[in-house]
*Asks:* 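Supplied in C-alpha cells, the structure appears directly below.
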Protein chains: 2
Amino acid sequence: MVTMSEVAKAAGVSAMTVSNVINGHPYVSDETRLKVTEAIGRLGYRVNVAARNLRAGSTGVIGLAVPDIDQPYCAELAGLVIAEAGRRGYQVAVEQTGASREGEINALAQSRLRMYDGLIISTVRLGDADAPTFPTDFPVVALGERIHGGAVDHVSMANFEGAGDVTRHLVERGCRRIAVFGGRTHGEEGAATLRTAGHLAALREAGVEPRDELLVPCVFATEAGAAAVRQLTGAGVAFDAAMCLTDSLAVGVLRGLADRGLTVPGDVLVTGFDDIGLAAYTVPSLTTVAPGHTEMVAAAFDMLLARLLAPRREGRAREFTGPHRLVVRESTTR
Amino acid sequence: MVTMSEVAKAAGVSAMTVSNVINGHPYVSDETRLKVTEAIGRLGYRVNVAARNLRAGSTGVIGLAVPDIDQPYCAELAGLVIAEAGRRGYQVAVEQTGASREGEINALAQSRLRMYDGLIISTVRLGDADAPTFPTDFPVVALGERIHGGAVDHVSMANFEGAGDVTRHLVERGCRRIAVFGGRTHGEEGAATLRTAGHLAALREAGVEPRDELLVPCVFATEAGAAAVRQLTGAGVAFDAAMCLTDSLAVGVLRGLADRGLTVPGDVLVTGFDDIGLAAYTVPSLTTVAPGHTEMVAAAFDMLLARLLAPRREGRAREFTGPHRLVVRESTTR
DNA sequence: TTGTAAGCGTTATCAC
DNA sequence: GTGATAACGCTTACAA
C-alpha cells in the first residue's frame, strides 16, 4: 500500500504538505501542489481512511437499522436516508433487524462498538420498557413509535390521525362494515395499535359501532394480507371495506379479494398506509396515507447531526411527526 | 472516550492484557480476566474500531453499489447481500449510483472505496470500454453484465436463456405478436440487449417472424411500463402478449393494460423477469424468470473473499451465472 | 501468564 | 509556504 510519506518522498516534500494538498488547504504553492498531485497520480496513492478516522475520531458513516430492506417501505426509507446522507457528507451502513425485538436491541448494542458516528433505527418492536437500552453517550434517532420515558430522539408519523382520515373517507363513501387488516387493540403500543385506535375513534365519532370480528390481526406482510382475506371470507364475515394498516398488506389483500372473486372498488373499497411507490400502480391503484417520509428523514438527520455536534448526555429528547396526507386513488373511487 | 489503557489502569494490568481478554486470547488467568471484564463493564469501555482497523489494515465493511435501493429488485438483492455479509462477519455500506454511468464510475473510483475491504457493484451502464475503470489492486465483483476485456470478476444471470424460455412459453400458448417492453437490439450490451436477443432467437427458432414495431424501448421502471402501453395501443399496434424485460416494468404494464380495458391473461398474456417478491401477489400474479439471486450473491461473496485472501493483481477473472428457472403464474395461464 | 516497546497512516500544532 | 513532532487507540513481536 502506498502511504503518504512515500508520496512525500517521491515529490520531494514532507508528508504534511501532501496532507495539505489532499485536504485542499490554502498556503500551498501551485508548484508544490502540482508536484504532489503528480506523485499521487503516478504512485496511485489513496488516503487510508482508517488512519484518518483514528485521527479524526469519527468515521463519516452512520448506521441504518431497518426491519427488512426488501420490504418496499424500508427500501424507500433507506433510499431517502442514503440520499440525504450523501448530501450531508455521510455514508450509510445498513443492518437488518428482522423485525424482531432481539434484532433491534442488538443493533442498538452493537452500534457503539461498530464504526458508526450515529445510528438511525427504524423500531417496530421496542417499547416503553426498552428506553434504557438506548445509549446515552451515542447519537441515536428512533424512527417509529415513541419510546416513552427515555430521552430518546424520535421521529414518528401521524398514525392515529392518518387512520382517522382513512376511516372518515370510507364512512363518507357509505362503508359501515370496515374490516381492519392488521388491526390490534392490545399489546405493545406501535403502528398497529395507534392506527387501530385512530380508526376506532373516528368510527365512533361518525356514529358507527365498531365490531370485534372486523378487527383482523395479522402481520404487516403481503402474504399475510392474502391469507387473512381467505380466512375472513371463509369465516363468513361480511365487509364493505378493507382498511389495511400498511400498503404491503393491502397488496396482499387485493390479491386475496381477487382470489375470492370480489372486485375493488365494486364490492369492497380498499385502503393502505405508507404510500409506497407501488401504490400508484396496483390494479386498482391504492388509496393510502402519505406519512411525509421525506420530511421525516430530514428531521432524523437534523436530530442526529445536532447530537453529533453537541453530544450531551442530558438534554431534552427531540420529537418530530411527519406531515401526513390522504391520497385518494381508484381503490376507493366508484 | 474510555481507552484501553484507562481500563488497564483501573484493572491494575497492562493494556496488552486488556487486549488479550477482549480478543479472547488464551493464556490469561481467570482472575485477571475477571478483573478486566469488570473494569470494562464499570467504565463502559468499547473498542475503538478505527484504531483496530488501522492496525489490522482492514475494516470488515464491504461496499454495495446499486442503481437505486428502492427498486424492488435492488432491495431484494441488498437484503441478500446484507444477510450473507452478516453470516460471513462483514458489514455492508450501501451506495446508490442512480443507474447512471457516472454514478457507477464514481462508486468505483471514489477514494471512499478505501474504507471498504471490497466492493460489490451492480452495474447497469458500464460496458466493455470501462474495464480499465475497475481497480486492479482492490477486490471488486461486478453483478451484472460481463465487462469484456478486463480481468473483472463478475456474476451474471442467464439473460439470453431466460428470455428464450419465456418466449417459447408464450409461443406454446399460441402467442404470435409478442410485444417486448424494454426491448432493444442496439446500444451497449446489457440486460436489455441480451434478453431481447434471447427472445428474437427463440422466436425465429419457433418459426415466428419478429416485427420491429413490437420492440417497445423503455427504461426498466414501473411508470415507464404504464406509459409504454398507452403509447403502443395509442399507435394502434396489436399484440397478444407483453413480454416485459423486468418485473417492475411488468407491474406498470399490467397497470397500463387495465387502463385500456384489456384483461390479463384474457386479452393479453404478460411476463416479467427477476421474480421479485411482489410477482406472486400482483393481480394477476406474474409469470417470470427467477434468476437464482441467492446463488448469485453467494458466488459474489466467494469471489470477493477469494480476492481478499489472495489479492493478486493478475489471476484469471472469475465468472458465475445464476441458475435460472421459469416460474409460471396466472398472467400466462388461461 | 503478563508487560514493554514500537508502529500502523494520518493530521494539528507550532516553529521555521 | 513548508516541515518536524507528537499524538489518535490498538495490537504484533518479543522480553520477562
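Quick note on labels: first sequence line is chain A, next is B, and so on, each numbered from 1.
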*Asks:* Would the A:H154 and A:F320 ring centres measure less than 6.0 Å apart?
*Replies:*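 No; A:F320 has its ring centre 6.0 Å or more from that of A:H154.
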*Asks:* For the pair made of CE in A:M1 and C1' in C:dG9, what is the distance, rounded to whole Å?
*Replies:*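 Computing the A:M1:CE to C:dG9:C1' distance gives 9 Å.
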*Asks:* Atom NZ of A:K9 to atom P of C:dT10: distance rounded to whole Å?
*Replies:*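 Rounded to whole Å, this separation is 14 Å.
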*Asks:* What's the CD-P distance between B:E6 and D:dG9, to the nearest Å?
*Replies:*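 The answer, rounded to whole Å, is 8 Å.
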*Asks:* According to side chain to side chain donor-acceptor pair (under 3.5 Å), who are the partners of A:T59, at least two apart in sequence or on a separate chain?
*Replies:*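 Testing A:T59 for side chain to side chain donor-acceptor pair (under 3.5 Å), a comparison that skips the adjacent residues, returns A:D117.
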*Asks:* Under a 4.5 Å cut-off applied to non-hydrogen side-chain atoms, are A:V92 and A:V61 in contact?
*Replies:*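 With C-beta onward as the side chain, the pair stays apart.
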*Asks:* Whole angstroms only, please: what is the CE-P distance between A:M4 and D:dA6?
*Replies:*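 After rounding, the gap between these two atoms is 19 Å.
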*Asks:* On the nucleotide C:dT11, are OP1 or OP2 found under 4.0 Å from the side-chain N or O atoms that A:R52 carries?
*Replies:*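 Checking A:R52 against C:dT11: at least one side-chain N or O falls below 4.0 Å of OP1 or OP2.
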*Asks:* Backbone N or O of A:A50 within a donor-acceptor pair of the A:N48 side chain at under 3.5 Å?
*Replies:*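 Yes.
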*Asks:* In whole angstrom, give the distance that lies between atom CG of B:L54 and atom P of C:dT11.
*Replies:*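 One finds 12 Å between P of C:dT11 and CG of B:L54, rounded.
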*Asks:* Side chains of A:Q91 and B:Y116: donor-acceptor distance under 3.5 Å anywhere?
*Replies:*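 A:Q91 vs B:Y116: donor-acceptor pair found between side chains.
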*Asks:* How many whole angstroms separate atom CG of B:N48 from atom P of D:dT11?
*Replies:*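 After rounding, the reported distance stands at 10 Å.
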*Asks:* Nearest 0.5 Å, what's the CD-OG1 distance between A:E295 and A:T321?
*Replies:*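 If we round to the nearest 0.5 Å, A:E295:CD and A:T321:OG1 are 12.0 Å apart.
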*Asks:* Would you say CZ of A:R101 has more than 12 non-hydrogen atoms from neighbouring residues, nucleotides or ligands within 6.0 angstrom?
*Replies:*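 Not buried by this count: 12 neighbours or fewer within 6.0 Å.
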*Asks:* A:D30 versus A:R33: any side-chain heavy-atom pair under 4.5 Å?
*Replies:*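 Result yes, sub-4.5 Å side-chain heavy-atom pair found.
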*Asks:* Five pairs per end, C1' atoms only: what is the angle between the end axes of the helix from C:dT1-D:dA16 to C:dC16-D:dG1, to 10 degrees?
*Replies:*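 Axis angle across the helix from C:dT1-D:dA16 to C:dC16-D:dG1, nearest 10°: 30°.
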*Asks:* Without swapping roles, check the side chain of A:E104 against the backbone of A:V124 for a donor-acceptor pair under 3.5 Å.
*Replies:*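 Here the side-chain-to-backbone pair exists.
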*Asks:* How do B:G12 and A:A56 order along DNA chain C: which one's closest nucleotide is nearer the 5' end?
*Replies:*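 Counting from the 5' end, the first nearest nucleotide belongs to B:G12.
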*Asks:* For residues 15-45 of chain B, which residues have at least one heavy atom under 4.0 Å from DNA chain C?
*Replies:*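 Under 4.0 Å from DNA chain C: B:M16, B:T17, B:Y27, B:V28, B:S29, B:T32.
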*Asks:* Let's test your reading of the model: under 3.5 Å, does the base of C:dA12 pair with the side chain of A:R55 as donor and acceptor?
*Replies:*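 Flag unset: no donor-acceptor pair detected.
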